[in-house]
Amino acid sequence: MGGCVSTNSRGFGRKKRARKTFSDHVSAFQHSSSAPNRIFANGKSRSSCIYTQQGRKGINQDAMIVWEDFMAEDVTFCGVFDGHGPHGHLVARKVRDTLPVKLFSYLDSYESKKNRSGACICGNVESGLDSGDGEEEKPELLWREAFLKSYKSMDKELKSHPNLDCFCSGSTAVTIVKQGSNLFVGSIGDSRAIMATKDINDSLVAVQLTVDLKPDLPREAERIKRCRGRVFALQDEPEVHRVWLPFDDAPGLAMARAFGDFCLKEYGVISIPEVSHRVLTERDQFIVLASDGIWDVLSNEQVIEIVSLAPTRASAARLLVDSAAREWKSKYPTSKMDDCAVVCLFLDGKMDSESDNEEHGFSSTLQSNAGESDDGQNPEPYLQRNATVRSSEEHSGGLRREQNDIVLETKGETSLGATEDQNWSGLEGVTRVNSLVQLPRFSEEQPRT
């Protein structure tokens, strides 16, 4: 947005410098597989490290992104997305690639409307923005609206996507935008963001930035029941409340808000994010975004400790995933480990020296050891299934499901199909918690309009 993008109020009223507008950036990034300062595979950036690892339930359905210089210098976008259902990995990747651009586009549209009055998006949060009609509009209100509109547009695009079936598949999202000392957070589902900050004794403490939006929250359960959805837990997992259709014991979604999952959108599941804002201080050290594969086995305090004790900052995300993997084996030896995805953003903007990274086996360049993803980009690395891992048949005395899901190419898009098992069930085999139990009996039919 030209010279109007600033992290302090002194930018107001300045003469615009001749440089690219939001529209220029949007058109350049929207169809680009290599946007500058954007990473989504295991590796590090100037101020962050990210890492994902496939669990033992099939294809890695987690996705993540860090986009530095997002809109302008000193603005960083981070996100973690945890897919679920037969096409969950495709939904998560689609949201990862599209949601930041939608946020970008909304702010571009706002800038276009306000250009004549010389208003700015950014600025000191203490200063209001002239909305053009004599009213003051604060940046946090603008960002809240940007998150709400972007999430709504994202869900609408998923619903109308011609080659991506999101009827019984979906994704969580935990997203942050750091703009100078301002932090804006938007989230749906049970992926979580926390921050490490120093208390008065200079000890690191964990501050949870988001709420796990699960069906057992009273306000979420009330909304779902008001829309005729049902909320209850199964006998063999009484601690996990799920969302069920009013006329069928399916799909059993373990979250109250998500992208996709259109079979439940008429029954109380929504994609409206919880949005918050806070002003960062010098005591705030780093932020961790992660999928529930981390939070199911590690507390906020444990996560903070692991990251702070990492031998190098570049290794922090990987170390956290490795620690979670060990905890899965220790706490739930008969369960299948969930996928894990982690973003660690260091608020002082500093990372390790190249020599430190090489000493500990980390490269400053992105890893791309797999083929092309569904969008033509290099996907995040994933682990091949280990042949020594015991099958569900060995665990459950005969109950076994073949891994027969295949990827189908259609007009440049990728979709997931099942060659035999049309009655997909998320609980077959031995697992601790799955986001879905089973697909509705009418899931193969077109939803009513």
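- Between the side chains of Thr210 and Ser187, no donor-acceptor pair of N or O atoms lies under 3.5 Å.
- The pair Glu237-Arg242 counts as a salt bridge, with a side-chain nitrogen and a carboxylate oxygen less than 4.0 angstrom apart.
- Judged by distance alone, with hydrogens and angles left aside, the side-chain atoms of His87 form a donor-acceptor pair with the main-chain N or O of Asp165 at under 3.5 Å.
- A salt bridge links Asp69 and Arg46; the closest N-O separation between the charged side-chain nitrogens and carboxylate oxygens is under 4.0 Å.
- Scanning both residues, Val288 and Val307, for their nearest heavy atoms gives CG2-CG2, 4.0 Å.
- Looking only at atom types and distance, the side chain of Tyr51 has no donor-acceptor partner in the side chain of Ser315 under 3.5 Å away.
- With sequence neighbours left out, Ser276 forms a side-chain hydrogen bond (donor to acceptor under 3.5 Å, both in side chains) with no residue at all.
- At distances below 3.5 Å, at least one donor-acceptor pair connects side-chain atoms of Arg230 with backbone N or O atoms of Leu245.
- Here Ser169 pairs with nothing under the side-chain hydrogen bond (donor to acceptor under 3.5 Å, both in side chains) rule; sequence neighbours left out.
- Across Asp62, Thr52, Asp82, Asp190, a single residue satisfies side chain to side chain donor-acceptor pair (under 3.5 Å) together with Ser291, and that is Asp62.
- Sequence neighbours left out, the pairs with a member in residues 252-262 that pass salt bridge (charged side-chain N to carboxylate O under 4.0 Å, His left out) are Glu220-Arg257, Arg257-Glu274.
- One side chain, Gln208 or Asn300, offers a donor N or O that lies under 3.5 Å from an acceptor on the other.
- The main-chain N or O of Lys156 is found under 3.5 Å from a side-chain atom of Ser160 such that the two form a donor-acceptor pair.
- Comment: Glu157 engages Lys94 in a salt bridge, judged by a side-chain N to carboxylate O separation of less than 4.0 angstrom.
- A pairwise comparison of heavy atoms in His89 and Ile59 identifies CD2-CD1, 3.4 Å as the closest pair.
- The salt bridge (charged side-chain N to carboxylate O under 4.0 Å, His left out) contacts involving residues 201-212 comprise Arg192-Asp212, Asp202-Arg283, where partners must be two or more places apart or lie in separate chains.
- Contact check on Glu140 versus Arg144 returns no salt bridge, with no Lys/Arg side-chain nitrogen under 4.0 Å from an Asp/Glu carboxylate oxygen.
- Checked against side-chain hydrogen bond (donor to acceptor under 3.5 Å, both in side chains), Gln302 has the following partners two or more places apart in sequence or in another chain: Ser299.
- Residues forming a side-chain hydrogen bond (donor to acceptor under 3.5 Å, both in side chains) with Ser271 (at least two apart in sequence, or on another chain): Asp155.
- Between the side chains of Asp284 and Thr197, at least one donor-acceptor pair of N or O atoms lies under 3.5 Å.
- In this model, no donor atom of one side chain and acceptor atom of the other lie less than 3.5 Å apart for Thr76 and Lys178.
- In terms of heavy-atom proximity, Pro273 sits nearest to Phe147 at CG-O, 4.0 Å.
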